[in-house]
Each structure stands twice: as structure tokens, then as C-alpha cells.
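Each residue takes its place number in the sequence, starting with 1.
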Amino acid sequence: PRTLDAYRRDVAGFLAFLGGHLGHSVSCDSLAGLTVADFRAWLAWRAGAGVSNRTLARNLASVRSFFRFLRRRHGLGNDALEALRTPKVPRRIPRPLAATDALKLIEAVAYLRTDGKNEHWVAARDAALFALLYGAGLRIGEALSLDAAVLAEGNHLLVRGKGGRERMVPILPRVRALLATYAELAPFALPAGTPLFRGQRGGRLSAAVVQRTMASLRRRLGLPESATPHALRHSFATHLLNNGADLRSIQELLGHAALSSTQIYTEVDEARLMAVYEKAHPRA
């Protein structure tokens with residue numbers, strides 16, 4: 001839904017720009033007659049508004065999708081659009097936590113008080129959830145969508161990730177123990193076919209609640225704003241890589257469709273090494 005909303009806004013903004021740029025109402029003929037210069041003028045106008053290259057790339061993707069629709073439904077084409085290069089988007093280097101900080105988070109969550117009650121089962125739930133994110137490298141959405149049937153599984157967990165892709169993830173004994181403790185303390189029955197992680201009223205736990213818990217934890221522990229639930233997944237991958245795991249294995253554990261998505265973690269280690277070098281070098 002959010003992608004659809006963004007694409008609608010992008011196309012509407014593009015058409016609004018054309019109205020002023022061309023000096024007349026936009027028609028099929030005017031769309032078919034747009035030149036590379038017209039499209040570049042639109043991108044320059046957007047850049048002048050202060051939008052980032054990442055947003056420009058999405059704007060262009062939206063308009064390209066719009067023109068593909070016009071060609072498919074109405075036979076209206078414009079080859080000038082294909083001559084445009086997508087603005088370069090710098091790759092974001094993941095910001096993992098140090099191993100000590102990741103473990104500190106899992107230990108500290110048991111003592112977190114958010115509403116003055118701090119029910120034991122809530123603390124056990126959050127500790128099990130964070131341990132699963134760090135110990136198995138799950139995305140927050142993957143963890144929250146788990147079925148309670150996983151409690152009866154052995155040392156491996158079947159996870160359904162992006163694009164419906166399934167993968168088997170090994171579960172460490174410590175993580176399995178925390179899951180068992182949570183299941184024992186939970187005030188709700190956790191039969192197969194129901195959500196594993198529950199909210200206070202028994203429904204599926206929401207990501208927003210997890211984000212708030214993490215925000216409270218990082219304030220208490222003095223951790224940076226980059227300490228998010230997803231940072232635990234980054235930490236899982238980075239710490240495996242630093243300890244000798246090969247990229248192919250990490251790719252399978254993370255559920256990445258392409259190895260290029262996993263290779264970004266090699267840049268994390270390079271960035272860390274350069275930071276140490278620049279800090280320690282006599283002429284830094």
C-alpha cells in the first residue's frame with residue numbers, strides 16, 4: 001500500500017510539473033512527444049526541491065512504470081525515457097552493534113519497565129524475541145509472523161522470508177531455552193496455528209511495540225540511535241563474517257536472493273578497519 005501511495009504521488013507530481021513546463025494541459029500526444037531534455041528538466045526541478053538521489057531514483061521508477069502501463073494499455077510509447085540514467089544511490093552500510101552490546105540488550109530487556117507492571121512473561125517474550133533476531137538473523141517481520149508450532153520443532157527453524165522464500169535456520173540452545181521460558185510464562189495458550197509472539201491482549205505482537213521497547217533500552221544503555229531491532233540482524237551477519245563464516249553460508253542464513261546483498265557486510269568490516277587505522281595512524 002505504501003508503494004502504491006508513493007507511486008501515485010510521484011506520477012501526480014510529474015504530471016503537475018509538465019503542465020507548467022509545457023505551458024498547456026497534458027495530453028497523450030504531449031506525453032508521447034516528451035524529449036530527454038523534458039525528463040531531465042523534471043529531475044532537475046525535483047533535485048532543486050532538495051530531494052535525495054534515493055528519492056529521485058524512486059520518482060523515475062514510478063514514471064517509468066507509468067509509461068510502461070501507457071504502452072501496454074494504450075500503445076503510447078516514449079523511447080526518450082529509456083535514455084535517462086537512474087541517479088546513483090549510495091549503498092547504505094549496515095550499522096551493527098558490538099557483540100557485547102547485542103548481548104547486553106538481551107540481558108537488559110528482562111529488567112525493563114515500560115508500564116510500571118513489568119510482567120515476567122513480557123520480559124521473557126522480549127528476551128526471546130531479541131535473542132532470535134540476533135541469534136538467528138531474522139527480520140523483525142519474519143520473527144513476528146512465526147507460528148507457535150515452532151516451539152515443538154528441534155534445533156532448526158523454517159522461516160518464510162521476502163518473496164515467499166523459505167529457509168532453514170539453526171537455533172542455538174540459548175535461544176531455544178529463552179523461547180521455552182517465554183512459552184512457560186505466557187498467560188495465553190500457544191497451540192500450533194496461532195502467533196508465537198503475543199501482545200498484552202493476546203493478539204499478534206506488533207512491530208511498533210518492539211520498536212518502542214528497543215528505543216527505551218538503548219536510552220537506558222546509552223546506545224546509538226542505530227541500535228534498532230534490524231541492527232541485531234546486521235550484527236548476526238557481521239559477527240559471523242568476522243569469525244570466519246563464508247559469504248555463501250551467511251547468504252543462506254539471511255535468506256538473500258542474491259549474493260550482492262550479502263557482500264555489503266564485507267564493507268562494514270572494511271569501514272571498521274579504516275576507522276581504527278585513521279584513529280591510530282600517527283599522521284591521521
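Across Gln211 and Pro229, no two heavy atoms sit closer than the pair OE1-CD, 3.3 Å. The shortest heavy-atom contact between Ala231 and Ser226 is CB-O, 3.3 Å. In plain terms, the two heavy atoms of Thr86 and Leu60 that are nearest each other are CA-CD2, 3.9 Å. Counting all heavy atoms, side chain and backbone alike, Ala131 lies closest to Val175 at O-CG2, 3.7 Å. Closest approach of Leu146 and Arg204 over heavy atoms only: O-NH1, 4.0 Å. When every heavy atom of Leu97 is checked against every heavy atom of Ala227, the shortest pair comes out as CD2-CB, 3.6 Å.
Within the 4.5 Å cutoff, the side chain of Leu18 has heavy atoms near those of the Leu31 side chain. Proximity of Leu105 to Met214: side-chain heavy atoms (C-beta onward) are separated by under 4.5 Å at one or more points. Side-chain contact between Leu178 and Ile106: present, with at least one pair of heavy atoms (C-beta onward) separated by less than 4.5 Å. Side chains of Ser30 and His24 form a contact here, defined as non-hydrogen atoms less than 4.5 Å apart. Under the 4.5 Å side-chain criterion, counting only non-hydrogen atoms from C-beta, Leu232 is not in contact with Ile140. Counting only heavy atoms from C-beta outward, the side chains of Leu133 and Ser235 never approach each other to under 4.5 Å. Counting heavy atoms from C-beta on, the side chains of Val150 and Leu179 never come closer than 4.5 Å.
Partners of Arg176 by side-chain hydrogen bond (donor to acceptor under 3.5 Å, both in side chains), not counting sequence neighbours: none found. Listed by chain and residue number, nothing satisfies the side-chain hydrogen bond (donor to acceptor under 3.5 Å, both in side chains) test with Ser206 (two or more places apart in sequence, or in another chain). Listed by chain and residue number, nothing satisfies the side-chain hydrogen bond (donor to acceptor under 3.5 Å, both in side chains) test with Asn155 (two or more places apart in sequence, or in another chain). Every residue two or more places apart in sequence or in another chain that forms a side-chain hydrogen bond (donor to acceptor under 3.5 Å, both in side chains) with Gln251 is listed here: Arg248.
At distances below 3.5 Å, at least one donor-acceptor pair connects side-chain atoms of Asn78 with backbone N or O atoms of Leu34. Remark: the backbone N or O of Leu190 is not paired with any side-chain donor or acceptor of Thr194 at under 3.5 angstrom. Proximity of a side-chain donor or acceptor of Arg233 to a complementary backbone N or O of Leu254 within less than 3.5 Å is detected.
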For side-chain contact (heavy atoms from CB on, under 4.5 Å), just list the numbers for Leu196 and Leu205, CA-CA rounded to whole Å, side-chain angles, deciding distance to a tenth of an Å, and then say yes or no.
CA-CA 9 Å; Leu196 172 61; Leu205 180 63; over 6 Å; no
side-chain contact (heavy atoms from CB on, under 4.5 Å) evaluation trace for Leu132 with Leu157
CA-CA 10 Å; Leu132 199 56; Leu157 187 66; 4.3 Å; yes
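Under 3.5 Å, the side chains of Arg125 and Thr213 contain no donor-acceptor pair of N or O atoms.
Pairs engaging residues 127-158 under the ring-ring contact (aromatic ring centres under 6.0 Å, His included) rule: Tyr134-His239 [sequence neighbours left out]. Residue pairs meeting the salt bridge (Lys or Arg N to Asp or Glu O under 4.0 Å) criterion with at least one member in residues 24-51, sequence neighbours excluded, do not occur. Under the ring-ring contact (aromatic ring centres under 6.0 Å, His included) criterion, the residue pairs touching residues 157-194 are Trp121-Phe188, Tyr182-Phe197, with sequence neighbours excluded. Sorted by first and then second residue, the salt bridge (Lys or Arg N to Asp or Glu O under 4.0 Å) pairs involving residues 71-84 (not counting sequence neighbours) are Arg71-Asp79. Residue pairs meeting the salt bridge (Lys or Arg N to Asp or Glu O under 4.0 Å) criterion with at least one partner in residues 9-22, sequence neighbours excluded, are Asp10-Arg58. Identified under the salt bridge (Lys or Arg N to Asp or Glu O under 4.0 Å) test for residues 145-161, with sequence neighbours left out: Arg160-Glu166.
Ion pairing of Arg8 with Asp5 is present here, as a side-chain N (NZ or NE/NH1/NH2) and a carboxylate O approach within less than 4.0 Å. Contact check on Arg218 versus Glu225 returns a salt bridge, with a Lys/Arg side-chain nitrogen under 4.0 Å from an Asp/Glu carboxylate oxygen.
Rounding to the nearest 0.5 angstrom, the gap separating the CZ atom in Phe17 from the CH2 atom in Trp45 is 7.0 Å. Summarising the geometry, atom CG belonging to Leu81 is positioned 11.0 Å from atom CZ belonging to Phe66; distances are rounded to the nearest 0.5 Å. In this structure, the separation between CG on Leu253 and NE2 on His256 is 10.5 Å, given to the nearest 0.5 Å.
Counting side-chain heavy-atom gaps under 4.5 Å among Ile, Leu, Val, Met, Phe, Trp and Tyr, Leu4 is found in no cluster with other residues. Using a 4.5 Å cut-off between side-chain heavy atoms of Ile, Leu, Val, Met, Phe, Trp and Tyr, Met168 falls into a hydrophobic cluster with Leu158.
Hydrophobic clustering, with ILVMFWY side chains joined whenever heavy atoms are under 4.5 angstrom apart, keeps Tyr7 apart from Leu84.
Using cut-offs of 30° and 60° on the angle between ring planes, the pair His230 and His234 is perpendicular. The aromatic rings of Phe14 and Phe39 sit parallel to each other, their planes meeting at less than 30°, with 60° as the upper class boundary.
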